[in-house]
Amino acid sequence: MSTPTLVGAPFSTFSRTMRMVFSHLNVDYKFEQTMPHSELAYKYNPFGRIPSLLHNDKVIFETSAIRDYMDTVFGTDLTPKDLDTRLQVDQMISVLSDYIFHHVIFGVAKPREKYEKEGKSEEEIKQLLEKRLRNAGKIIQAIDGMVQGPFLCGETLTWADFFVYPAMADLYALPERQYFSETGPKLFEWYQMFEKRKEAKDTFPGTVADMRKSSL
C-alpha cells in the first residue's frame, strides 16, 4: 500500500484530527503543509479548504469523506458498531461543526485574536466579549451534558474524541480557559485526560494553542 499524503497545516484543527488518527493507527504518512485557499489547497479541493488526503491515485477532500475513507482503507476501530454509540459520535461531530465553531471559536476565539492584534487592553476585550462569552458558555454547558465519560461517547475512544479535541485545545489556551472549564467541568476533565495522549502531544507544535503559549 502506498504512503498516504495529508495536505494541511499544523494550526488546522481538522488537519490535526487526521494526523492524530494516523498516529493512533501507527500509519506512516507524509504531511504536505499549505495554507487554506493557497494554490496547493485549490489543487486538491475546489473550495480551497484543508485538509485533503492523497492516496492510491485518489484525492479525498472534506473531513467526513476522509473519515469514511480512513475507516474503510486503514481499518480504524473509531466508528462504533452499535447504533446508539455511533449516533452519539455523529451528533458530537455535528455539534463541533454547527455550534463549537460557529458560536465558540468564531464567537469568542477569533474576535479575541482580532482585538489583541488591534492592541486593545484586556479590560476592553473582556467588555467586548461579554455577550459572546455568555452565548458560548451556554454551548459549552450543553455539550458538557452530552459527555458520557471517560471518553466523549462512553468507554471507548472514537472519532468524536479526535474531532473535538483540537478545537477545545485551542479554546482552553485562551484567557477564558477558567470560565469554560467551570462551565463544562466534564468536558474539561475529558480534555485534561486526552491532552496527555501521545497523539495529542505529537501534533501540538504549530497549533494555535502552541502559538499562544509561545507568545506568553
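In this text the structure is predicted, and so the values were computed from the model without any measurement.
Below 30°, between 30° and 60°, or above 60°: for Tyr172 and Phe188 the angle between ring planes is above 60°, a perpendicular geometry.
Both tests hold for Arg19 against Phe31: distance to the six-membered ring centre under 6.0 Å, angle to the ring axis within 45°. Seen from the ring of Phe194, Arg197 counts as a face-on cation partner, given the 6.0 Å and 45° thresholds.
Atom CE of Met70 and atom CG of Leu6 lie 8.0 Å apart (nearest 0.5 Å). Arg132 CZ to Arg134 CZ: the interatomic distance, rounded to the nearest 0.5 Å, is 12.5 Å.
Residues Trp159 and Thr79 come closest through the heavy atom pair CD1-OG1, 3.2 Å. Of all heavy-atom pairs between Thr17 and Pro166, the closest is OG1-CG, 3.7 Å.
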Exercise for the section: Before giving the answer on side chain to side chain contact (heavy atoms under 4.5 Å, CB included), spell out for Trp190 and Leu152 the whole-Å C-alpha distance, their side-chain angles and the decisive distance to 0.1 Å. Expected result: CA-CA 7 Å; Trp190 161 81; Leu152 288 180; 3.5 Å; yes
Practice task
Show your reasoning for whether salt bridge (charged side-chain N to carboxylate O under 4.0 Å, His left out) applies to Arg112 and Glu122.
Solution key: CA-CA 10 Å; Arg112 166 172 273 284; Glu122 187 60 29; 2.6 Å; yes
Problem - From CA spacing to verdict: ring-ring contact (aromatic ring centres under 6.0 Å, His included), Phe74, Phe22 - result: CA-CA 9 Å; Phe74 300 109; Phe22 275 131; 5.7 Å; yes
Exercise for the section: Verify salt bridge (charged side-chain N to carboxylate O under 4.0 Å, His left out) between Asp202 and Arg16, making sure each step is shown before the conclusion. Expected result: CA-CA 10 Å; Asp202 288 349; Arg16 190 179 186 189; over 6 Å; no
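Within a 6.0 Å radius of NZ in Lys126, other residues, nucleotides and ligands contribute 12 heavy atoms or fewer. Within a 6.0 Å radius of CD in Glu189, no more than 12 heavy atoms belonging to other residues, nucleotides or ligands are found.
In the hydrophobic cluster analysis, where Ile, Leu, Val, Met, Phe, Trp and Tyr join through side-chain heavy atoms closer than 4.5 angstrom, Leu96 is grouped apart from Ile50.
Taking 4.0 Å as the cut-off between side-chain N and carboxylate O, Glu113 and Lys117 count as a salt-bridged pair.
For the ring-ring contact (aromatic ring centres under 6.0 Å, His included) criterion with Phe14, the lone passing option out of Tyr165, Phe101, Phe162 is Phe101.
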